[in-house]
Amino acid sequence: MLWYHYVFGFVLIFASIIITIVVLMQEGRSQNLSGAIAGGAETFLGKAKARTIEAKLEKATKWLIGGFFVIVLAAFMIFLFIG
């Protein structure tokens, strides 16, 4: 194997781990029983803060997945044409 096989492999594994961590940091879309119990316990400031963090995590997920796709496509093209 050539050196760039190892580089692409490492980058793809590292990117997949980061994507997994960012996705797991996001909250679920549904408010199950915990949302019903908490009820009005959250303040407006807490909800607004959570939304901004969630929005940043969603944006980061989209960029990471897009970058992952580009890296996989580049690796495929390089391995296909160069070997």
Side-chain angles (χ1 to χ4, degrees):
M1 290 179 73
L2 298 171
W3 64 272
Y4 54 82
H5 289 131
Y6 294 109
V7 171
F8 274 112
F10 174 76
V11 169
L12 289 174
I13 290 171
F14 184 73
S16 64
I17 291 170
I18 296 298
I19 290 171
T20 304
I21 290 170
V22 171
V23 168
L24 288 175
M25 287 174 55
Q26 297 178 16
E27 291 181 9
R29 293 277 182 203
S30 63
Q31 291 271 347
N32 293 333
L33 187 58
S34 63
I37 293 172
E42 295 183 30
T43 64
F44 178 74
L45 182 61
K47 287 182 181 181
K49 183 178 178 184
R51 285 188 192 135
T52 59
I53 292 171
E54 283 297 314
K56 289 178 183 177
L57 286 174
E58 287 178 14
K59 193 173 192 179
T61 303
K62 291 175 186 175
W63 279 101
L64 287 168
I65 291 173
F68 186 82
F69 176 75
V70 169
I71 293 169
V72 168
L73 189 61
F76 173 74
M77 298 302 277
I78 288 172
F79 296 159
L80 182 67
F81 293 119
I82 295 176

- Task: Can you measure from CD (E54) to CE (M25) and round to the nearest 0.5 angstrom?
- Result: 9.0 Å
- Could you state the interatomic distance from CD1 (I65) to OG (S16), rounded to the nearest 0.5 Å? 11.5 Å
- Message: Tell me if the CZ atom of F76 is crowded by more than 12 foreign heavy atoms within 6.0 Å.
- Response: no
- Message: By the definition side-chain contact (heavy atoms from CB on, under 4.5 Å), identify the one residue from I17, L24, V23 that meets it with T20.
- Response: L24
- Which side-chain hydrogen bond (donor to acceptor under 3.5 Å, both in side chains) pairs, counting each pair once, include a residue from residues 60-76, with sequence neighbours left out? Q26-T61
- Message: Give me the atom names and distance for the closest heavy-atom approach of V72 to L12.
- Response: CG2-CD2, 3.6 Å
- Look at the side-chain heavy atoms of Ile, Leu, Val, Met, Phe, Trp and Tyr, link any pair under 4.5 Å apart, and say whether F69 and I19 land in one connected group. no
- Task: Could you state whether L73 and I78 fall into the same hydrophobic cluster, counting links through intermediate Ile, Leu, Val, Met, Phe, Trp or Tyr residues with side-chain heavy atoms under 4.5 angstrom apart?
- Result: no
- I82 with V7, same ILVMFWY side-chain cluster at under 4.5 Å: yes
- Task: Please state whether the rings of F79 and Y4 are parallel, tilted or perpendicular, taking 30° and 60° as the class boundaries.
- Result: parallel
- Note on the structure: Between the CD1 atom in I13 and the CD1 atom in I18, the distance rounded to the nearest 0.5 Å is 13.0 Å
- Task: Determine the minimum heavy-atom distance between F8 and A75, stating which atoms define it.
- Result: CD2-CB, 3.7 Å
